[in-house]
Amino acid sequence: MTQNPEKEWFGEKQVEAEEKTRLVRGVFDSVADKYDLMNDLMSGGLHRLWKDRLIRMIRPRPGLHYLDVAGGTGDIAFRIKQAAGTGSQITVLDLNEDMLGVGRDRAINRGWLNDFEWITGNAEALPLLDESVDIYTIAFGLRNVTHIDTALSEAFRVLKPGGKFYCMEFSHVEEPFLAKIYDAYSNNVIPRIGQAVAKDKDSYQYLVESIRKFPTQKELVRRMKTAGFENARFTNLNFGVVAIHQGWKL
Ligand SMILES: C[S@@+](CC[C@H](N)C(=O)[O-])C[C@H]1O[C@@H](n2cnc3c(N)ncnc32)[C@H](O)[C@@H]1O
């Protein structure tokens, strides 16, 4: 299979690879201030349970360097901090300054400014040294990246030997009857909530379409292995509405 086959897709539209990154930044510019409210509305609060599950799998502890890529408003990073306690280094990286700005303000409000580093950057070209990170997370982010295989290679590069990669992403419901119900919900309900609350139907239409284009659970495992990860595997949540992939750099 060709490397990076999704480079021309922006939802259902075909675009030049360079344009996709710009368009994705635009999507999150327009939703940054409503992002967390929209997550609750669209998932019926389920995203909190999914994220809790991810944190239980990671079992954060102090003394490690955590890198949360596509970290947006800091939701995953804050959960890592809460679970790990003091004495960790947490780097939040995102393409979009508006999303990071919301997160940074929130960290200041919690008195956590010194625990975090906020970096504007691209998952495909991480501004971090080789083998400098213990735990890499990317939650609801890999789907938006133009070149998934490049992002996986970058994750592998920055992880220390013994470090671990986690990706949480909307995935594919494998049970046909439930898949139909989920499809109907995604097509009809999510863009309407987007219109009603964020006044931005197109961004949420993009979200639905990008989920459909994302590799299947098994395909992503295959691509993780190609990037060098060992023991790559996935866990489905809610029948595959969301999947958590994990792998080791050994
Ligand atoms: C759906 S949000 C997820 C935010 C957060 N991880 C969470 O779970 O709440 C997706 C984020 O990915 C970021 N993003 C998209 N493409 C990216 C890239 N190539 N590199 C870094 N961040 C990217 C967007 O700016 C956005 O903040």
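If you read the sequence from its start, that first residue is 1, and numbering goes on from there. Both ligands and their constituent atoms are indexed starting at 1 by order of listing.
Of all protein heavy atoms, the one lying nearest to atom 2 (S) of ligand 1 is Y35 OH, 3.3 Å. Of the protein's heavy atoms, D94 OD2, 3.3 Å lies nearest to atom 13 (C) of ligand 1. Protein heavy atom nearest atom 10 (C) of ligand 1, with residue, atom name and distance: F140 O, 3.2 Å.
Not a single donor-acceptor pair under 3.5 Å links the side chain of E124 to the backbone N or O of T150.
Aromatic pair F165/F156: centroids not less than 6.0 angstrom apart.
For ligand 1, the atoms lying closer than 4.0 Å to a non-hydrogen atom of N96 are 25 (O). Close contacts between ligand 1 and G121 involve ligand atoms 20 (N), 21 (C) [criterion: under 4.0 Å to a heavy atom]. Annotation for ligand 1: atoms under 4.0 Å from non-hydrogen atoms of N144 are 10 (C), 15 (C), 16 (N). Which parts of ligand 1 touch V24 is read off a 4.0 Å heavy-atom cut-off, strictly below it: atoms 15 (C), 16 (N). Those atoms of ligand 1 that come under 4.0 Å of a heavy atom in M99, given as number and element, are 27 (O).
Applying the 6.0 Å contact sphere to CD of E97 captures no more than 12 heavy atoms from other residues, nucleotides or ligands.
With respect to R25, the side chain to side chain contact (heavy atoms under 4.5 Å, CB included) criterion is satisfied by exactly one of L95, D98, N122: L95.
R222 and E219 are joined by a salt bridge, as a carboxylate oxygen and a charged side-chain nitrogen come within less than 4.0 angstrom of each other. Using a 4.0 Å cut-off between charged side-chain N and carboxylate O, R48 and D40 make a salt bridge.
For ligand 1, the polar-atom distance check finds an N/O of A123 within less than 3.5 Å of one of the ligand's N/O atoms. For ligand 1, the polar-atom distance check finds no N/O of L93 at less than 3.5 Å from any of the ligand's N/O atoms. For ligand 1, the polar-atom distance check finds an N/O of A70 within less than 3.5 Å of one of the ligand's N/O atoms.
Between W50 and F170, the angle of the ring planes goes over 60°, which puts this pair in the perpendicular group of the 30/60° scheme. Relative ring orientation between Y185 and Y182 is described as parallel, the plane-to-plane angle staying below 30° on a 0-90° scale split at 30° and 60°.
The CE atom of M168 lies 9.5 Å from the NE2 atom of H47; values are rounded to the nearest 0.5 Å.
Hydrophobic clustering (ILVMFWY, side-chain heavy atoms < 4.5 Å, transitive): L54 and V242 are in one cluster.
Remark: distances from the non-hydrogen atoms of V145 to ligand 1 include one below 4.0 Å.
When heavy-atom distances to ligand 1 are checked against a 4.0 Å cut-off, L95 comes that close through both its backbone and its side chain. With a 4.0 Å heavy-atom cut-off, ligand 1 is reached by the side chain of K51 but not by its N, CA, C or O.
The option with the heavy atom closest to atom 18 (C) of ligand 1, from among L126, L142, N122, is N122.
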